[in-house]
Amino acid sequence: MSGLEPFGARLRRAMDERGPLCVGIDPHASLLASWGLNDDVAGLERFSRTVVEAVADRVAVLKPQSAFFERFGSRGVAVLEKSVAEARAAGALVVMDAKRGDIGSTMAAYAASFLHKDAPLFSDALTVSPYLGYGSLSPAVALARESGAGLFVLALTSNPEGGEVQHAVRSDGRNVGATMLAHLAAENAGEEPLGSFGAVVGATLGDLSTYDLDINGPLLAPGIGAQGAEPADLPGVFGAAVRNVVPNVSRGVLRHGPDVVALRDAAERFAEEIRQVVTSS
């Protein structure tokens with residue numbers, strides 16, 4: 001398979017040129033309603049097309065939440081395929097938020113669905129769950145390397161329930177979340193300017209100085225905007241790793257739709273505010 005330039009290098013360049021911002025595409029029913037759209041495939045298509053039109057040519061990353069498309073069956077997946085292709089054609093990197101995780105041939109099939117260059121849903125990166133053991137992700141790691149794609153591995157998530165797994169302490173005294181970060185640091189060792197294997201780390205978690213976030217890879221950080229975190233909080237959460245943070249904003253931008261100009265302006269405000277925070281840290 002002829003792969004792209006590694007995801008980490010492409011992401012570093014996109015963040016430097018467009019600002020470190022990931023905008024979610026989350027067409028859940030209440031948001032469709034707030035846009036005056038029906039909760040059906042036509043509403044889904046209008047919503048997704050509008051977001052892509054508004055911001056795909058100016059933000060570094062777009063992150064469609066696969067579940068909100070899958071709920072409409074094959075017609076919803078067709079909308080997702082089109083959205084991914086159009087976003088990438090406009091220059092945005094696409095992180096597919098599907099949080100897949102399984103073992104063996106099943107994990108390989110999930111990986112092929114999103115990370116094989118010929119797949120209809122080929123994306124620049126995929127979110128994955130390592131909680132069948134980090135080694136269960138091996139098929140996705142291998143295919144991502146081959147295709148020039150990346151992964152974002154759930155490590156320290158912002159949902160309260162996550163702590164019962166991620167904060168559990170192993171026999172070696174290190175908790176599970178820290179173990180996932182260590183695995184990712186090993187994957188990214190020696191990569192320049194940035195490794196392709198990132199972690200999902202919530203921006204709402206407060207001081208994380210007890211964790212080694214220097215994984216030489218990106219840190220996808222949900223929680224900015226509606227979930228309560230602000231761009232100014234990022235240095236306090238991520239410390240010296242803040243330059244590699246990809247803050248995700250969904251409702252904070254999407255609530256300004258369906259007006260394309262308002263969506264664009266909101267995304268640009270977030271991107272510039274985050275850029276200023278990161279460069280001054």
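Atoms considered below: every heavy atom in the structure, side chains included; atoms not considered: hydrogens, waters and symmetry mates. Only a predicted model underlies this, so the values are computations on that prediction, with no experimental measurement involved.
- When all heavy atoms are compared, the tightest approach of Val84 to Pro64 is CG2-CG, 4.5 Å.
- Taking the six-membered ring where the residue is Trp, His183 and Tyr134 present parallel rings, their angle staying beneath 30° rather than reaching 60°.
- Counting only heavy atoms from C-beta outward, the side chains of Val61 and Leu11 approach each other to under 4.5 Å.
- Judged by distance alone, with hydrogens and angles left aside, the side-chain atoms of Ser196 form a donor-acceptor pair with the main-chain N or O of Gly8 at under 3.5 Å.
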Query raised in the report: Step by step, would you call Glu268 with Val253 a side chain to side chain contact (heavy atoms under 4.5 Å, CB included)?
Result: CA-CA 9 Å; Glu268 290 181 341; Val253 170; over 6 Å; no

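- A 4.5 Å side-chain heavy-atom check between Leu220 and Val201 finds every atom pair outside the cut-off.
- The pair Lys63-Asp124 fails the salt-bridge criterion, with no side-chain N (NZ, NE, NH1 or NH2) lying under 4.0 Å from an Asp/Glu carboxylate O.
- Heavy-atom minimum distance, Ala199 versus Ile215: N-CD1, 4.0 Å.
- Salt bridge Asp40/Arg75: absent, no basic N to carboxylate O contact under 4.0 Å.
- The backbone N or O of Gly133 lies less than 3.5 Å from a partner atom in the side chain of Ser136, making a donor-acceptor pair.
- Taking CE of Met15 as the reference point, atom CZ of Arg243 lies at 7.5 Å (rounded to 0.5 Å).
- When the options Phe72, Trp35, Phe69 are evaluated for a ring pair (Phe, Tyr, Trp, His ring centres under 6.0 Å) with Phe47, the one that passes is Trp35.
- Residues Leu126 and Phe152 are not in side-chain contact: their nearest non-hydrogen atoms beyond the backbone lie 4.5 Å or more apart.
- Using a 4.0 Å cut-off between charged nitrogen and carboxylate oxygen, Glu187 and Arg145 count as a salt-bridge pair.
- Side chains of Asn248 and Ser250 form a contact here, defined as non-hydrogen atoms less than 4.5 Å apart.
- A distance of 10.0 Å separates NE2 of His28 from CD of Gln65, quoted to the nearest 0.5 Å.
- Looking at Ser123, its side chain does come within 3.5 Å of a backbone N or O of Leu121 through a donor-acceptor pair.
- Listed for the Asn216 side chain is a donor-acceptor partner under 3.5 Å among the backbone atoms of Glu191.
- A donor-acceptor pair is defined here as one N or O able to donate and one able to accept, closer than 3.5 Å; such a pair exists between the side chain of Thr179 and the backbone of Asn175.
- Across all their heavy atoms, Thr50 and Leu263 have their closest contact at CG2-CD1, 3.8 Å.
- For Ala144 against Phe197, the heavy-atom pair with the smallest separation is CB-CE2, 4.0 Å.
- Not a single donor-acceptor pair under 3.5 Å links the side chain of Glu230 to the backbone N or O of Ala232.
- Between Val278 and Val245, every side-chain heavy-atom pair lies at or beyond the 4.5 Å cut-off.
- With rounding to the nearest 0.5 angstrom, the CZ atom of Arg251 is 11.0 Å from the OG atom of Ser34.
- Annotation for Glu272: atom CD counts as buried by contact number, over 12 foreign heavy atoms lying within 6.0 Å.
- Criterion: ILVMFWY side-chain heavy atoms under 4.5 Å apart, direct or through other members. Under it, Met107 and Leu151 are part of a common hydrophobic cluster.
- No side-chain heavy atom of Val249 sits under 4.5 Å from any side-chain heavy atom of Cys22.
- Residues Val153 and Leu137 form a side-chain contact, since some pair of their non-hydrogen atoms from C-beta on lies under 4.5 Å apart.
- The minimum heavy-atom distance between Ala112 and Ala119, with the atom names listed, is O-CB, 3.4 Å.
- Here the side chain of Tyr211 pairs no donor or acceptor atom with the backbone of Leu181 at under 3.5 angstrom.
- Rounding to the nearest 0.5 Å gives a distance of 7.0 Å between CG of Leu213 and CZ of Phe238.
- Remark: side-chain polar atoms of Arg88 are not paired, donor with acceptor, to backbone N or O of Leu93 under 3.5 angstrom.
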Requested in this report: Determine, step by step, whether Asn38 and Leu32 satisfy the side chain to side chain contact (heavy atoms under 4.5 Å, CB included) criterion, reporting the C-alpha distance in whole Å, the side-chain angles of both residues, the deciding distance to 0.1 Å, and the verdict.
Outcome: CA-CA 6 Å; Asn38 291 330; Leu32 291 174; over 6 Å; no

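- A search for side-chain hydrogen bond (donor to acceptor under 3.5 Å, both in side chains) contacts involving Arg264 returns nothing, not counting sequence neighbours.
- A salt bridge is absent between Glu86 and Arg49: the closest approach of a Lys/Arg side-chain nitrogen to an acidic carboxylate oxygen does not fall below 4.0 angstrom.
- For Asn188 (side chain) and Leu184 (main-chain N/O), a donor-acceptor pair under 3.5 Å exists by modelled atom type.
- With contacts defined as side-chain heavy-atom distances shorter than 4.5 Å, the pair Leu80/Met96 qualifies.
- Partner Asp16 forms a salt bridge (charged side-chain N to carboxylate O under 4.0 Å, His left out) with one of Arg18, Arg12, Arg13 and no other, that one being Arg12.
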Query raised in the report: Where do Val94 and Phe122 land on the side chain to side chain contact (heavy atoms under 4.5 Å, CB included) test, with the steps shown first?
Result: CA-CA 9 Å; Val94 171; Phe122 175 75; over 6 Å; no

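- Cluster membership for Leu31 and Leu37, using ILVMFWY side-chain heavy atoms within less than 4.5 angstrom, is shared.
- For Lys99 and Glu70, the salt-bridge test fails: no basic side-chain N is under 4.0 Å from an acidic carboxylate O.
- Between Leu115 and Gly150, the closest heavy-atom pair is CD2-O, 4.0 Å.
- No salt bridge links Asp265 with Arg269; every basic N to acidic carboxylate O contact stays at or beyond 4.0 Å.
- Without hydrogens or angle criteria, Asp97 side chain to Ser66 main chain gives no donor-acceptor distance under 3.5 Å.
- Side-chain heavy atoms closer than 4.5 Å link hydrophobic residues (I, L, V, M, F, W, Y) into clusters, and following such links, possibly through other members, connects Val165 to Leu154.
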